[in-house]
Amino acid sequence: MKLLMRSYDHRKIEKKWQAKWERGKCYHAKEGAGGKKFYALIEFPYLSGDGLHVGHIRSNTAMDIIARKRRAEGHEVLYPIGWDGFGLPTENYAIKTGKSPVLVTKQNTNTFRRQLKSLGFSFDWSREINTTDPAYYKWTQWIFLQFFKDGLAYKKKQAINWCPKDLIGLANEEVVDGHCERCGTPVEKREKEQWMLAITKYADRLDKDLDTVDYLERIKIQQRNWIGRSEGTQIKFEIRSTKSETNSKSEIQRPKQERIEVFTTRADTLFGATYIVLAPEIANEKFKSKNEKSQFKIQNWGEVEKYIEQVKKKTEIQRTEEGKEKTGVEIKGIKAINPATKEEIPVWIADYVLPDYGTGAIMAVPAHDERDFQFAKKFNLPVRIVVCPEYPAPKCPVLDRAYIGPGHLVGSGTFDGLTNEEAKKKIAKAVGAKPVISYKLRDWVFSRQRYWGEPIPLIHCDMCGYVPVAEKDLPVKLPVVKNYKPTATGESPLAAITKWVTVKCPKCKGVARRETDTMPNWAGSSWYYLRYLDPKNKKEFVGKEKLAYWSHSSEKLPAIPLRGISRRETSYKLQAGPVSWYNGGMEHTTLHLLYSRFWHKFLYDKGFVSTSEPYAKRTSNGLILAEGGVKMSKSKGNVINPDEIVERYGADTLRIYEMFMGPFDQPVVWSTESIIGSRRFLERVWRLGERVTEHRAWSTEHGAQNTEHRTRSTEATDTTVQTALHQTIKKVSEDIETMRFNTAISQLMIFTNALEKASAVSREAYQTLLRLLAPFAPHVTEELWGKCGKKQSIHTESWPVVSSALEGTAVATIVIQVNGKKRAILQLKNGATEGEVREAATALPEVKKWLGESTIRKVIHLPNKLMNIVVD
RNA sequence: GCCCGGGUGGCGGAAUUGGCAGACGCGCUCGACUUAAGAUCGAGUUCCGAAAGGAAUGAGAGUUCGAUUCUCUCCCCGGGCACCA
């Protein structure tokens, strides 16, 4: 085992400074007068029983570095911390151990708080919040009621994703490959009454407004894909009973016109639509009663119904596992009329058509859609080519797969010869189709049938329906119960507590029942960043002044390309905040990040917040994987406990190590073996202090060891050190902004190496090194700063700036190439002309050798950088 | 299948308007110090070659005086979505 340097005792130093900072309230956001404000945010930890993960430290350290740099740059910084507590892991743990979730939460909070404090993050601890605190979830409930009052929270009976192990309904976002995101059990479908939040009402703005925020491009792309905006048209198909054609006697068999509307993005292929397909669920709604009333005589209704039943029973996985193998049933007795060709085409039902996308019905164009093609092949339906890549089409080929590319129209009457893009609009217009935008995004299933969540603050009265709990009666507190176990019936355990459930209706005072479903664990985190601004407010979820104060905290953002915004309507004022910079995990992109944007937009529409987006900037860090490149997990026993690393190497070393491991936005593999490098670096910085000779503190403490160094000159005369110093200031400053922490640290190491090799270590150079290193390693730099005789904290120092006078160098290093291969390096004066460089270069023996007798064809010269001499 | 990343020494990784490939760190080798080990310091460490030199950034082609970087074709790894009409 490696031994660590003894004079740098991280155990003593780190505890000492943490206590001092806390006593001095050094990192409390001051809320003084004006000035630049900066709100740095990390995702507050979920209070799992496993304690802090090295992944938390990666994200927290990054934002801590940025927060500390901003303070040094004169910003007023808010960097808060809190706890996300509700949800299944805590509840399951409580059930397993028999402890109450409240107690478990308290214990976990204490663990997390201790661990986070041991790492020296500059959090404002006076603003701690906890989503399970009634004083907090009162406002989560209050916001829910605002949704309810606006009709955006509604109850709906529908087939939902049900996890048979966790006994809980899941949101679409929580289902991964047909399995429960949490426990991996295959998800079943269940008909249940659920509370829903109408996030789809905001689909358009959630997509469009991404243009106004500075998120990593891949985050935007992932959200856009999830929202799944697509522009198309709805086309009406008339439905006729086939019997009515052959038997014209009966009036009943000549019903009023019936229509099916389909959604398509390929109106250009309408002439190739050879059948239409309904989602089974839609067919049931549409034709069941009509069939019974014999408006339409469907000859095989029994068969159709049987298929509908089969589909209902299928689980998500069964549906996906079957993959491309299509199933379906023709509805016999009716036909649809293709509005372009006026032909009668058959009507089918099949589960490859989804009930909740578009209209739940499609026109099938087998020649130009892969799924329709497979279906047509299986059921022997006609394939009609209407788009050809070449025009005029050479001859009609037999397709072995659908052609989905662009081309010119064929077999489409007067539209022949048009490009399919032109035809899209013209055909849609000709058949009176209206433009429609569809989204993949679904409304958010918002109820959970479990104990450990915010109770939904509604009361059901037989007379009045659902009535909101009066604002003065909030919060609706979770009752203390003996049994938290979920019930297999799909009812929350709260339903069993008669005393809690039975209440008076707030409206009519009759006997009524409380809603017993609770909210999903995403509720509390959808607005927590607002509560940090005013965590103790009893009257409002956030005070107006506090909100206004921090809502202007967003930095001037760099110009970001506004993708397509010119074409889209921007009728409302767009502004992002209060959060200036939010870092977190990629895994929350389509969950928490999307949900909280939705909540914020709603609050904005209600006038409660003044910005249309909550986060001006969002970045994301890669995962930390266990050695071997696998995920850390308790079951694999490869979880790194940060406590042990802090104890052995110190918080500063761990922070440096995690930032140095690799590119911040990419996954990195943990290597305990490599940590020593970060520790050695800090030890070298420590030892370097002993060579800053003119200071008394060092000379008294370490006098005996460094008499040799003290005799050397202390003047900062070494220009290479000066140049390196300014390069370092520049590089570190830039790299922090772009989150390239690994190369920032590498530069600090390079500079440290340079100082070690220098004949003398100037006080200026050393202290600047400490200031640049301080955000990364706050404790050891604070200690060394004190040793330099400073009375004030290093973390109140201003950020070093590059002095432009020292940036340029007098000497340029020029690479000399012959035929593109490096052959020599020249040191010449800055700004040497091509002639001068050429003369000097060709004089060099190592260049001469390569030039030989051959003639020079060409010379490429990049001033101060490179010369390439091209010969035969 | 579609959409994002990524592929560079024994390992983590540097290198951008195309211009010194392998910075920085880990590991390893040799040396100094030490009774010894560790720590520390010094030298070395892509491959082939004794050297001169040559080859090399997943594979192959192209553009260029010059390609890790740009273009095309393909392979592999990670992540996301997945019958979304």
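Worth knowing before you read on, the calculation uses all heavy atoms, side chains too, and leaves out hydrogens, waters and symmetry mates. Throughout, a chain's letter reflects where its sequence line sits, starting with A, and its residues are numbered from 1.
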Which part of the nucleic acid does [X] contact within heavy-atom distance under 4.0 Å: base, sugar-phosphate only, or nothing?
X: A/Ile675; result: nothing
X: A/Ser671; result: nothing
X: A/Arg823; result: sugar-phosphate
X: A/Asn742; result: sugar-phosphate
X: A/Thr589; result: nothing
X: A/Asn753; result: sugar-phosphate
X: A/Ser674; result: sugar-phosphate
X: A/Leu866; result: base

Legend entry - Nucleotide nearest A/Met749 (side chain, heavy atoms from C-beta), chosen from B/rA82, B/rG13, B/rC24: B/rC24
Inset, instruction - When you get a sec, tell me which of B/rC24, B/rG53, B/rA85 is the closest nucleotide to the side chain of A/Trp850? - result: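 The listed nucleotide nearest to A/Trp850's side chain is B/rG53.
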Legend entry - Pairwise P distance for B/rA14 and B/rG25, with rounding to whole Å: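 Their P atoms lie roughly 15 Å apart.
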Legend entry - Same-atom distance (P) from B/rC70 to B/rC4, integer angstrom: 15 Å
Polar atoms only, N or O, under 3.5 Å: list the protein pairs with nucleotides 65-70 of chain B and their distances.
from, atom 1, to, atom 2, distance (Å)
B/rC65, OP1, A/Lys858, NZ, 3.2
B/rC65, O2, A/Asn868, ND2, 2.3

Legend entry - Distance-only donor-acceptor test, A/Lys440 side-chain atoms vs B/rC81 base atoms, 3.5 Å: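 No, the side chain and the base share no sub-3.5 Å donor-acceptor pair.
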Inset, instruction - Would you mind calling B/rG78 syn or anti? Take O4'-C1'-N9-C4 for purines or O4'-C1'-N1-C2 for pyrimidines, and syn is within 90° of 0. - result: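 Glycosidic conformation of B/rG78: anti.
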Can you check nucleotides 74-79 of chain B for protein contacts, nitrogen or oxygen pairs under 3.5 Å, and list what you find?
none

Legend entry - Side chains of A/Val277 and A/Tyr352 in contact at under 4.5 Å (non-hydrogen atoms): yes
Legend entry - Any-strand Watson-Crick or G-U partner of B/rA32, both distances under 3.5 Å: B/rU40
Between the protein and nucleotides 40-44 of chain B, which nitrogen or oxygen pairs are less than 3.5 angstrom apart?
from, atom 1, to, atom 2, distance (Å)
B/rU40, OP1, A/Arg680, NE, 3.4

Inset, instruction - Could you tell me whether A/Lys865 atom NZ has more than 12 heavy atoms of other residues or ligands within 6.0 Å of it? - result: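 It does not: A/Lys865 NZ has 12 such atoms or fewer within range.
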Inset, instruction - State whether A/Tyr357 places a side-chain N or O below 4.0 Å from either non-bridging phosphate oxygen (OP1 or OP2) of B/rA85. - result: yes
